[in-house]
Amino acid sequence: MKTTKGPRDPLVTGMGFCLPGRTGPTATPEQFWSAVSNGESFLSQDDGTYFGSVRIDMDETTERLPEIPPRFLDKYSDIHLYGLLALLEACDDASLDWRAGALSDAAVLAARNATADAILDTYLPVLLADTRVVSPREARSLLFRNVLNAVMSDVETVQAGLVGSTGPSYTLSCGCASSSVLIGNAARMISAGEVDLVVVTGADYWRESRLRQYVELEERSVEGAEPQTATLMDTPMRPYDERASGLNYGNGAATLILESREHAQRRGARVHGRVLAQVTGRNAQPNLALDLAGTGALRSARSCMAGRVTPEEIDYVNGAATGDRAFNLMEGNVVAGLFGERAAHLPVTVQEAVFGHSGAPLGVIGVAATLQMMGHGLIAPTANCEKPAEVCTFDPVPGTAARPARIDRALSLNYTIGSVASAILLGGADD
């Protein structure tokens, strides 16, 4: 493949995170790479639960965001704080001084998986409030939190407000493919000349106590049947492993900054890589059942590659399996359909067992991990994969050691139970 460079090429110049970590959130690209490259998992809790929690230090957050009065910051839900902290890290990585107006013309886009927990935590107090005795101050606080979290519940609202953006700003929700689709939207906006800078964030929040109740309900719903997917709380998720039986959830946010080549060169920005193409498609499913053949994902990937790169030129695939047998089978069919006999030796890995199945951030995490692998010349292993399942027609790089490899072109895949499928074609920093 010969890549023609142009001034409107969408480049990734910044990445930041607020994801599960060992002693605190995984925040910087360096912390992110350290975890991913070693196949480290942050899902095991002291009580034996497997869940990716992110604990926010409010004193530290208040100190980092003096622009937001504490009385307002207190009303932000965890999902907003995740998004703000990931944005700050991405700006630092990109050397963008948002306080000096560096993002005043930027587009600020956010993805979410429409999780009910972020809404429920703020809507219920409004419904249960005793209007006969609640004070005016308490009433204002309840209404403010409700508008911000239940009615809007959009991370981009607080992000755009913080950086003073006057550019396009919206939230997109299409399940676990949400931020992957947004990366494509951002790339097209830059290529079309609409904007020079786009902030893309995926953020989601799950309450651990409600997840356990969900697990019990889920188990009852599939009694006597073979579940396609399962939520796990007491055992670890194992993507691509023969023991795969379900997924562990995780909270957090991840942010990418995309920038036109001419804008990045003008300010001397360091470049992580280039978004060459993105395509979204869907299986023709009449319901939420998985298409185990992976028809939609296969179609999206082929369309994304068409006229740009041949299957032989793809060096790595960042997968989207969640840690259960159904997704293992689906992904095995997708990779075999794309690469034929070559699939057996093609590295395909995923980071879900590092941070948990976080929903909206997954697309950003996959792209960030892939670009880090390109830059370091290493393929990160699939965390918690020790005994690859036979249905995996590819090499999932089991274990905890990164493998040296040159990656010039890569695919990053995302898909949902609702059959939305996204494929992103990525190139290196020199493209």
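As the structure is a computational prediction, the values presented were derived from the model and not from experiment. Just the heavy atoms: all of them, side chains too, but no hydrogens, waters or symmetry mates, feed the values below.
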Is it true that Thr280 and Gln278 share a donor-acceptor pair across their side chains at a distance under 3.5 Å? yes

Apply side chain to side chain contact (heavy atoms under 4.5 Å, CB included) to Leu88 and list each qualifying residue two or more places apart in sequence or on a separate chain. Arg64, Leu65, Leu85, Trp98, Leu162

Would you say the side chains of Ser34 and Gln31 form a donor-acceptor pair under 3.5 Å? no

Can you label the angle between the Trp206 ring and the Tyr249 ring as parallel, tilted or perpendicular, going by 30° and 60°? tilted

Compare all side-chain heavy atoms of Leu258 with those of Val275 and state whether any distance is below 4.5 angstrom. yes

With distance as the sole test, does Asn333 use its side chain to make a donor-acceptor pair with the main-chain N or O of Leu292 at under 3.5 Å? yes

Treating Ser260 as the side-chain partner and Ile190 as the backbone partner, does any N or O pair qualify as donor plus acceptor under 3.5 Å? no

Gln159-Thr201 side chain donor-acceptor pair, cut-off 3.5 Å: yes

Apply the test salt bridge (charged side-chain N to carboxylate O under 4.0 Å, His left out) to residues Arg55 and Asp57: give CA-CA distance (whole Å), side-chain angles for both, the deciding distance (0.1 Å), then the verdict. CA-CA 7 Å; Arg55 296 176 177 84; Asp57 185 321; over 6 Å; no

Does the ring center of Phe355 lie less than 6.0 Å from the ring center of Phe32? yes

When you check the side-chain N and O atoms of Glu259 and Thr13, is any donor under 3.5 Å from an acceptor? yes

May I have the step-by-step check of side-chain hydrogen bond (donor to acceptor under 3.5 Å, both in side chains) for Asn185 and Arg188, ending in yes or no? CA-CA 5 Å; Asn185 289 5; Arg188 285 184 281 273; 3.2 Å; yes

Between Asn248 and Glu352, is there a side-chain donor-acceptor contact under 3.5 Å, judged purely by atom types and distance? no

Under-4.0 Å salt bridge between Glu386 and Arg243: yes

Phe51 backbone acceptor or donor facing Thr49 side chain under 3.5 Å: no

Using the test side chain to side chain contact (heavy atoms under 4.5 Å, CB included), find all partners of Asp97 that sit at least two apart in sequence or belong to another chain. Arg99, Ala100

Report yes if the side chains of Phe339 and Val317 come closer than 4.5 Å at any heavy-atom pair, otherwise no. yes

Quick check: does any side chain N or O of Arg274 sit under 3.5 Å from a backbone N or O of Gly428, one acting as donor and the other as acceptor? no

Can we say Asp324 and Arg238 salt-bridge, meaning some charged N sits less than 4.0 Å from an Asp/Glu carboxylate O? no

Modelled atom types, side-chain donor and acceptor of Tyr76 and Asp74, under 3.5 Å: no

Which residues satisfy the side chain to side chain contact (heavy atoms under 4.5 Å, CB included) test with Asp93, sequence neighbours excluded? Met15, Pro29, Arg270, His272

Lys/Arg-Asp/Glu bridge criterion (N-O < 4.0 Å) met for Arg207, Asp78: no

Is Glu262 salt-bridged to Arg8, cutoff N-O under 4.0 Å? yes

Does Glu40 offer a backbone N or O that forms a donor-acceptor pair with the side chain of Asn38 under 3.5 Å? no

Yes or no on side-chain hydrogen bond (donor to acceptor under 3.5 Å, both in side chains) for Thr382 and Thr349, after CA distance, side-chain angles and deciding distance? CA-CA 5 Å; Thr382 297; Thr349 68; 4.6 Å; no

